[in-house]
K.L.:
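Input: one structure, supplied below.
Excluded from the calculations below are hydrogen atoms, water molecules and symmetry mates; all remaining heavy atoms, backbone and side chain alike, are included.
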Amino acid sequence: MTDATIPSTAREIHLAARPTGVPTVANFALVERPLPALADGQILVRNTWMSVDPYMRGRMDDRPSYIAPFQVGEALEGSAVGAVIASASSIPVGATVTHFAGWRDYSVVDADTATPVDTSLAAPQHYLGALGTTGLTAYAALVDVARVEPGDTVFISAAAGAVGSVAGQIAKRLGAARVVGSAGGAVKTALLLDEFGFDAALDYREGDLAGQLAAAAPGGIDVYLDSVGGEHLRVAVEAMRPAGRIALVGAISGYNGPTGEPGPDLYLAAVKELSLRGMLVTSYLPRFGEYIAKAAGWLADGTLRTRQTVYDGLDQAPTAFLGVLSGANTGKMLVRLP
């Protein structure tokens with residue numbers, strides 16, 4: 001089945017050149033290509049929202065990792081949500097789906113890699129943020145990886161970002177006695193306190209992160225969710241109580257190359273018997289059903305608060321990406337497609 005108006009071409013954002021250090025808009029190109037005919041088991045999706053995520057910086061380099069690097073001259077990819085406008089599968093035209101063939105305005109997708117979503121539970125864009133892998137990352141990090149226990153003191157870096165802002169609220173639900181967040185600038189730190197319910201907020205741009213954390217959590221911390229690495233991770237290890245737990249989610253401070261920031265003292269981690277555990281959200285996808293059932297209700301009753309930073313138009317995707325690397329976003333960074 002098909003929609004009445006099916007385009008013959010799609011626009012895509014390509015990797016024009018691999019960056020050295022901090023990427024620029026010159027590393028991207030907007031390209032128009034013919035749309036292939038649907039094969040059996042495929043759908044054509046008109047994308048309406050596109051996710052912009054910091055992990056994509058690593059895929060711009062040609063080096064081995066847990067996911068293949070982007071190829072120069074080919075389209076980037078990432079999470080997107082949109083409407084099915086043609087189908088050679090059991091997913092009907094008109095369904096709203098999420099998939100991983102974003103950075104295009106139209107995507108031909110194997111139906112078994114797309115997930116229909118219920119837009120009566122939440123607006124479509126939430127399935128890229130609080131109800132997507134962003135929210136699942138926060139949930140799994142604190143439920144499975146670092147295991148928040150009632151009475152814990154929890155420290156969260158990049159706390160005004162997509163994962164951190166959700167994680168702080170989940171930590172409270174899990175019984176944390178005190179939740180401390182780190183963010184850049186007075187506007188973001190105020191948001192942590194006034195909207196996201198953190199007990200204390202550190203402005204890392206003010207310096208003396210260790211001193212700020214000691215003042216906010218004088219008894220030390222039990223759990224740390226790390227999205228930054230570098231100085232944040234070093235300071236967290238120093239502030240950890242014995243048997244503390246750290247979820248290593250990301251290390252954005254080093255994504256563009258060496259920063260010169262000192263890393264953690266692993267001998268200190270040993271003598272404190274700390275647990276530092278890395279995580280990839282793909283390992284926790286079986287938790288999605290459980291998580292969405294909870295988080296959709298939290299969104300509906302207003303107890304899970306979210307923010308989004310939105311750029312309009314596919315041509316603005318590179319600018320949005322550079323913004324998420326520099327911390328320009330509050331909450332989830334998204335591109336809205338007309």
K.L.:
Would you say Pro7 and Leu35 make side-chain contact, with heavy atoms under 4.5 Å?
P.N.:
yes
K.L.:
Main chain of Gly184, side chain of Asp203: is a donor-acceptor contact present, judged purely on distance under 3.5 Å?
P.N.:
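No; zero donor-acceptor contacts below 3.5 Å.
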K.L.:
What are the two closest heavy atoms between Ala183 and Ala160, and how far apart are they?
P.N.:
CB-CB, 4.1 Å
K.L.:
Can you see which heavy atom on Ala88 is nearest to which on Leu38, and at what distance?
P.N.:
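Smallest heavy-atom distance, with atoms named: N-CD1, 4.0 Å.
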K.L.:
Checking the side chain of Tyr139 only, and the main-chain atoms of Glu290 only, is there a donor and an acceptor separated by less than 3.5 Å?
P.N.:
no
K.L.:
Just wondering, do Tyr291 and Ile170 contact through their side chains at under 4.5 Å, heavy atoms?
P.N.:
yes
K.L.:
Would you check if Pro338 and Thr48 make a side-chain contact, meaning some heavy-atom pair closer than 4.5 Å?
P.N.:
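Pro338 vs Thr48: side chains apart.
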K.L.:
Answer yes if the side chains of Ser157 and Tyr224 hold a donor-acceptor pair under 3.5 Å, and no otherwise.
P.N.:
yes
K.L.:
Quick check on the hydrophobic clustering: are Leu233 and Val180 connected, directly or via other members, by side-chain heavy-atom contacts under 4.5 Å?
P.N.:
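Yes, Leu233 connects to Val180 through the hydrophobic network.
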K.L.:
Look at the aromatic rings of Trp103 and Phe321 and report parallel, tilted or perpendicular, splitting at 30° and 60°.
P.N.:
perpendicular
K.L.:
Carefully, step by step, assess Leu202 and Leu213 under the rule side chain to side chain contact (heavy atoms under 4.5 Å, CB included).
P.N.:
CA-CA 7 Å; Leu202 319 182; Leu213 182 56; 3.9 Å; yes
K.L.:
Establish, yes or no, whether the cationic atom of Arg59 lies under 6.0 Å from the six-membered ring centre of Phe70 and within 45° of the ring axis.
P.N.:
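The answer is yes, since Arg59 meets both limits relative to Phe70.
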K.L.:
Can you find a heavy atom in the side chain of Arg57 that is under 4.5 Å from one in the side chain of Leu325?
P.N.:
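In contact.
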K.L.:
Do you see a donor-acceptor pair shorter than 3.5 Å between the side chains of Asn47 and Ser107?
P.N.:
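There is such a pair (donor and acceptor under 3.5 Å, judged by atom type) between the side chains of Asn47 and Ser107.
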K.L.:
Go through it in stages, so that I can follow the logic: the residues are Leu128 and Thr134, the test is side chain to side chain contact (heavy atoms under 4.5 Å, CB included), and I'd like the CA-CA distance, side-chain angles, deciding distance and then a yes or no.
P.N.:
CA-CA 7 Å; Leu128 300 178; Thr134 294; over 6 Å; no
K.L.:
So that I can tick it off, tell me whether Arg33 and Glu74 are bridged by a salt bridge, with the cut-off set at under 4.0 angstrom between side-chain N and carboxylate O.
P.N.:
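The answer is yes: the pair qualifies as a salt bridge.
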K.L.:
What pair of heavy atoms forms the shortest contact from Arg178 to Ala216, and how long is it?
P.N.:
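Nearest heavy atoms, Arg178 then Ala216: NE-O, 2.6 Å.
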K.L.:
Can you hop from Val163 to Phe155 via hydrophobic side chains spaced under 4.5 Å?
P.N.:
no
K.L.:
Please confirm whether the backbone N or O of Thr330 pairs with a side-chain atom of Thr309, one donor and one acceptor, at under 3.5 Å?
P.N.:
yes
K.L.:
For the CG atom on Asp301, are there more than 12 heavy atoms of other groups (residues, nucleotides or ligands in this structure) within a distance under 6.0 Å?
P.N.:
yes
K.L.:
Are the side chain of Asp105 and the backbone of Arg11 linked by a donor-acceptor contact shorter than 3.5 Å?
P.N.:
yes
K.L.:
Hey, do the aromatic rings of His232 and Tyr204 have their centres closer than 6.0 Å?
P.N.:
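Ring-ring flag for His232/Tyr204: true, centres closer than 6.0 Å.
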K.L.:
Please test Val45 against Ile85 for side chain to side chain contact (heavy atoms under 4.5 Å, CB included), starting from the C-alpha separation and ending with a verdict.
P.N.:
CA-CA 6 Å; Val45 182; Ile85 62 170; over 6 Å; no
K.L.:
Taking Thr119 for the side chain and Ala123 for the main chain, is one N or O donor matched with an acceptor at less than 3.5 Å?
P.N.:
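Checked: no pair found.
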K.L.:
How long is the span from the CZ atom in Arg336 to the CG atom in Asp312, to the nearest 0.5 Å?
P.N.:
4.0 Å
K.L.:
Within a reach of under 6.0 Å around CD of Glu273, are more than 12 heavy atoms found that belong to other residues, nucleotides or ligands?
P.N.:
no
K.L.:
Between Arg63 and Asp61, does any NZ, NE, NH1 or NH2 come within less than 4.0 Å of an OD or OE carboxylate oxygen?
P.N.:
yes
K.L.:
With a 3.5 Å distance limit and no angle check, can you tell me whether Asn27 reaches the backbone of Thr24 through a side-chain donor-acceptor pair?
P.N.:
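A pair under 3.5 Å: yes.
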K.L.:
Under a 4.0 Å threshold between the charged nitrogen and the carboxylate oxygen, would Asp199 count as salt-bridged to Lys172?
P.N.:
yes
K.L.:
Distance from Leu131 atom CG to Phe288 atom CZ, nearest 0.5 Å?
P.N.:
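Result: 8.5 Å between the selected atoms.
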K.L.:
What heavy-atom pair brings Asp62 and Pro69 nearest, and what distance separates the two atoms?
P.N.:
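Of all heavy-atom pairs spanning Asp62 and Pro69, the closest is OD1-CG, 3.9 Å.
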K.L.:
For side chain to side chain donor-acceptor pair (under 3.5 Å), just list the numbers for Thr303 and Arg173, CA-CA rounded to whole Å, side-chain angles, deciding distance to a tenth of an Å, and then say yes or no.
P.N.:
CA-CA 10 Å; Thr303 57; Arg173 285 188 171 274; 2.4 Å; yes
K.L.:
Specify the closest pair of heavy atoms between Pro218 and Ala215, including all atoms of both residues, with the distance to one decimal.
P.N.:
CD-O, 3.7 Å
K.L.:
Can any side-chain N or O of His14 pair as donor or acceptor with the backbone N or O of Gly73 at less than 3.5 Å?
P.N.:
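Yes.
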K.L.:
Val31 and Val335: same hydrophobic cluster, using ILVMFWY side-chain contacts below 4.5 Å?
P.N.:
no
K.L.:
Treating Lys272 as the side-chain partner and Arg241 as the backbone partner, does any N or O pair qualify as donor plus acceptor under 3.5 Å?
P.N.:
no
K.L.:
Say you draw a straight line from OG1 of Thr319 to OH of Tyr311; how long is it, rounded to the nearest 0.5 Å?
P.N.:
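Atom-to-atom, Thr319:OG1 and Tyr311:OH are 6.5 Å apart.
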K.L.:
Are Asp265 and Arg234 close enough for a salt bridge, meaning some N to O gap below 4.0 Å?
P.N.:
no
K.L.:
Are Leu274 and Val237 packed together at the side-chain level, in the sense that at least one heavy-atom pair is separated by less than 4.5 angstrom?
P.N.:
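Yes, side chains in contact.
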K.L.:
Are Leu76 and Val72 connected into the same hydrophobic cluster when the rule is that any two of I, L, V, M, F, W, Y join if their side-chain heavy atoms are below 4.5 Å apart?
P.N.:
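They do share one cluster, since a chain of ILVMFWY contacts under 4.5 Å joins Val72 to Leu76.
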K.L.:
Before giving the answer on side chain to side chain contact (heavy atoms under 4.5 Å, CB included), spell out for Ile221 and Val154 the whole-Å C-alpha distance, their side-chain angles and the decisive distance to 0.1 Å.
P.N.:
CA-CA 6 Å; Ile221 60 176; Val154 178; over 6 Å; no
K.L.:
Calculate, to the nearest 0.5 Å, the distance between atoms CZ and CE belonging to Arg18 and Met60 respectively.
P.N.:
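It comes to 9.0 Å.
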K.L.:
Which heavy-atom pair separates Ala101 from Val109 by the least distance, and what is that distance?
P.N.:
CB-CG2, 4.2 Å
K.L.:
As an exercise, state the distance from OG1 of Thr137 to OH of Tyr55, rounded to the nearest 0.5 Å.
P.N.:
11.0 Å
K.L.:
Around atom CZ of Arg305, are there more than 12 heavy atoms of other residues, nucleotides or ligands at under 6.0 Å?
P.N.:
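Counting neighbours around CZ of Arg305, 12 or fewer heavy atoms of other residues, nucleotides or ligands fall under 6.0 Å, so no.
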K.L.:
Under a 4.5 Å cut-off applied to non-hydrogen side-chain atoms, are Tyr106 and Leu44 in contact?
P.N.:
yes
K.L.:
Atom CD1 of Ile292 and atom NZ of Lys294: how far apart are they, to the nearest 0.5 Å?
P.N.:
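These two atoms lie 13.0 Å from each other.
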K.L.:
Are Leu193 and Leu209 joined in one hydrophobic group, where the rule is that I, L, V, M, F, W and Y side chains link up if heavy atoms are under 4.5 Å apart?
P.N.:
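Hydrophobic grouping puts Leu193 apart from Leu209.
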K.L.:
Taking the side chain as every heavy atom from C-beta outward, state whether Val81 and Met50 have any atom pair closer than 4.5 Å.
P.N.:
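No, too far: nothing below the 4.5 Å cut-off.
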K.L.:
For atom OH of Tyr66, is the number of surrounding heavy atoms from other residues, nucleotides or ligands below 6.0 Å larger than 12?
P.N.:
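Yes, the 6.0 Å shell around OH holds more than 12 heavy atoms from other groups.
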K.L.:
Between Gln316 and Gly313 (side chain of the first, backbone of the second, donor and acceptor by atom type, cut-off under 3.5 Å), is there such a pair?
P.N.:
no
K.L.:
Given 3.5 Å as the limit, does a donor-acceptor pair link the side chain of Asp110 with the main chain of Asp112, or not?
P.N.:
no
K.L.:
For a 4.5 angstrom cut-off between non-hydrogen side-chain atoms, does His126 reach Gln308?
P.N.:
yes
K.L.:
Listed by chain and number, what are the side-chain hydrogen bond (donor to acceptor under 3.5 Å, both in side chains) partners of Glu195, not counting sequence neighbours?
P.N.:
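side-chain hydrogen bond (donor to acceptor under 3.5 Å, both in side chains) check on Glu195 returns Arg307.
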K.L.:
Regarding Arg245 and Asp152, does a basic nitrogen lie under 4.0 Å from an acidic carboxylate oxygen?
P.N.:
yes
K.L.:
Is a side-chain donor-acceptor pair under 3.5 Å present for Ser165 with Lys332?
P.N.:
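No.
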